[in-house]
Amino acid sequence: MSEIQATTTMDKIVSLSKRRGFIFQSSEIYGGLNSCWDYGPLGVELKNNVKQAWRRKVIQERDDMVGLDASILMHPRVWEASGHVAGFTDPLVDCKVCKQRFRADHLEGDKCPACGGELTEARQFNLMFKTFMGPVEDNAAVVYLRPETAQGIFVNFNNVQTTTRMKLPFGIAQVGKSFRNEITPGNFTFRTREFEQMEIEYFVKPGTDEQYHKEWIDRRFQWYLDLGITKERLRLREHAADELAHYAKGCFDIEYYFPMGWSELEGIANRTDFDLKRHAEYSGQRIDYFDQEANEHYVPYVIEPSAGADRGTLAFLLDAYHEEPDKDEVRVVLKLHRALAPYKVAILPLSKKEPLVAVAKEIEQELRKYWMVDYDDSKAIGRRYRRQDEIGTPYCVTIDFQSLEDKAVTVRDRDTMEQERIPMAELSKYLWEKLAW
Ligand code: ATP
């Protein structure tokens, strides 16, 4: 057994998510749809902040990276070239007694884990969702919902390289939905059939690939630490040779210690020149790079850090969850990194009376220009602090009758619970400095 402790149970996070509006079950009024989830008002802010923090690190702060947003539906030949039609399968077994289905590679024995019944032989099940393009449901019109965003990047390699005139090494990053008809989805948003990926394809000169692979592994690992994930709950795991995808020369997973144990957050693979070469072959187009210095054409190798936006969001939520004793009660606080917190500031006027409200509203409007702000004027101030702690708001601003006299407000820090009196005229600047990252 590992000595590492998960911060909390999945049940507590599921319940907090529903109670406070982070994540709801999809189509709940119809009884829900298995493994599909909707991000509520707080969840959409949190997940957008995760994606934004990723984009900032891998695109904005780098001069060798650009973005892309390719379509979900692609030409069916793409998936023949990529190997997904032939090989994107998981081994599926059925229980002959209770009829449940399992992924054979996730089973510990040869009997049904639910009822002990006998299992069928494993058969390969393709995970791609099929749909029809246009009004006629015939074979010619079959298209797939992409099972990874990566192929949108590979097929645009020439477009991006010629329009940006980027020189190797350079990368293309994209965030978007992917779909996999998973045999056994579960563990809340950890494994779903519709999910969002944050993927990078970093193109390099063959021979330099191992060096860049190592650099990206370190850089991506550090990203989670910088955004507050506890070091002890993060680890790197190298894929064994028999685990490697058909295109990969090497792969490392960044794993998080989820309540169900160590599980993948992100995979960082060396995909070699497999994809570009296959697309050149299947499309009949020339896809390569002209290296001016070496005066030669070659097909770049590619390093692929592939992260899940939903899995990342879940890990940040779990890791931020804390229960602390508070007199006779328990203070639940989400110690989310300030970059990720859904609301950055809450405005809490101590009375619903004028002229206090007018001042509070004015401050609210000013701060809303820069951040997501919550305004709460109901119930005792202690209860309101608790509500903000529970959703991870880093700063609460209280406005009291004294504020009308001294033109100052009280700012409370979520983590230290310390309070500071700040002149209203300096509040935005004060918060800018506190919230910078
Ligand atoms: P697993 O072994 O867990 O099925 P994988 O190795 O097939 O995952 P990749 O193909 O490497 O996953 O996908 C890259 C990332 O996309 C994963 O690290 C994960 O964060 C995310 N991801 C993949 N499948 C799912 C899913 N079904 N639900 C949520 N996120 C997913």
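Whatever order the structure lists them in is the order used to number ligands and atoms, beginning at 1. Side chains are part of it too, since the values below use all heavy atoms of this structure and drop only hydrogens, waters and symmetry mates. Residue numbers run from 1 in the order of the sequence given.
Atoms of ligand 1 found under 4.0 Å from any heavy atom of E182, numbered from 1 in the order shown, are 24 (N), 26 (C), 27 (N). Listed by atom number, the atoms of ligand 1 under 4.0 Å from R103 heavy atoms are 4 (O). Heavy-atom contacts of E266 reach the following atoms of ligand 1: 18 (O) (cutoff under 4.0 Å). Distances below 4.0 Å separate heavy atoms of R191 from the following atoms of ligand 1: 1 (P), 3 (O), 4 (O), 27 (N), 28 (N). Residue contact check: G308 has heavy atoms under 4.0 Å from atoms 20 (O), 21 (C) of ligand 1. Close approach of ligand 1 to F190 is summarised as follows: ligand atoms under 4.0 Å from at least one heavy atom of the residue are 28 (N), 29 (C), 30 (N).
Atom 13 (O) of ligand 1 has its nearest heavy-atom neighbour, among E196, Q197, E194, M198, in Q197.
Partner F203 forms a ring-ring contact (aromatic ring centres under 6.0 Å, His included) with one of Y212, F157, Y298, Y289 and no other, that one being F157.
Taking the charged nitrogens against the carboxylate oxygens, E390 and R387 have no contact shorter than 4.0 Å, which rules out a salt bridge. In summary, R103 and D90 engage in a salt bridge, as defined by a charged side-chain N under 4.0 Å from a carboxylate O. With salt bridges taken as basic N to acidic carboxylate O contacts below 4.0 Å, none links R180 and E194. A salt bridge does not link E364 to K369: none of the charged nitrogens lies less than 4.0 Å from a carboxylate oxygen. A salt bridge links E210 to K249: at least one charged side-chain nitrogen sits closer than 4.0 Å to a carboxylate oxygen. Under a 4.0 Å N-O distance rule, the pair R55/E61 does not qualify as a salt bridge. A salt bridge links K429 with E433: the closest approach of a Lys/Arg side-chain nitrogen to an acidic carboxylate oxygen falls below 4.0 angstrom.
Of the protein's heavy atoms, R180 NH1, 3.2 Å lies nearest to atom 7 (O) of ligand 1. The closest protein non-hydrogen atom to atom 8 (O) of ligand 1 is E264 OE1, 3.8 Å. In terms of protein heavy-atom proximity, atom 14 (C) of ligand 1 is nearest to S306 OG, 3.0 Å. Counting protein heavy atoms only, atom 28 (N) of ligand 1 is closest to T192 N, 3.1 Å.
Inclusion of T189 in the set of residues having an N or O under 3.5 Å from an N or O of ligand 1 is not warranted. The distance criterion of under 3.5 Å between nitrogen or oxygen atoms is not met by A307 with respect to ligand 1. Inclusion of F195 in the set of residues having an N or O under 3.5 Å from an N or O of ligand 1 is not warranted. For ligand 1, the polar-atom distance check against R311 finds a nitrogen or oxygen pair separated by under 3.5 Å.
Residue L265 touches ligand 1 through its backbone alone, judged by heavy-atom distances below 4.0 Å.
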Next item on the list: Dump the intermediate steps for salt bridge (Lys or Arg N to Asp or Glu O under 4.0 Å) on K335 and E324, then the final yes or no.
Entry: CA-CA 12 Å; K335 295 189 176 173; E324 293 174 354; 2.7 Å; yes
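Looking at every heavy atom in both residues, N158 comes nearest to R286 through ND2-O, 2.9 Å.
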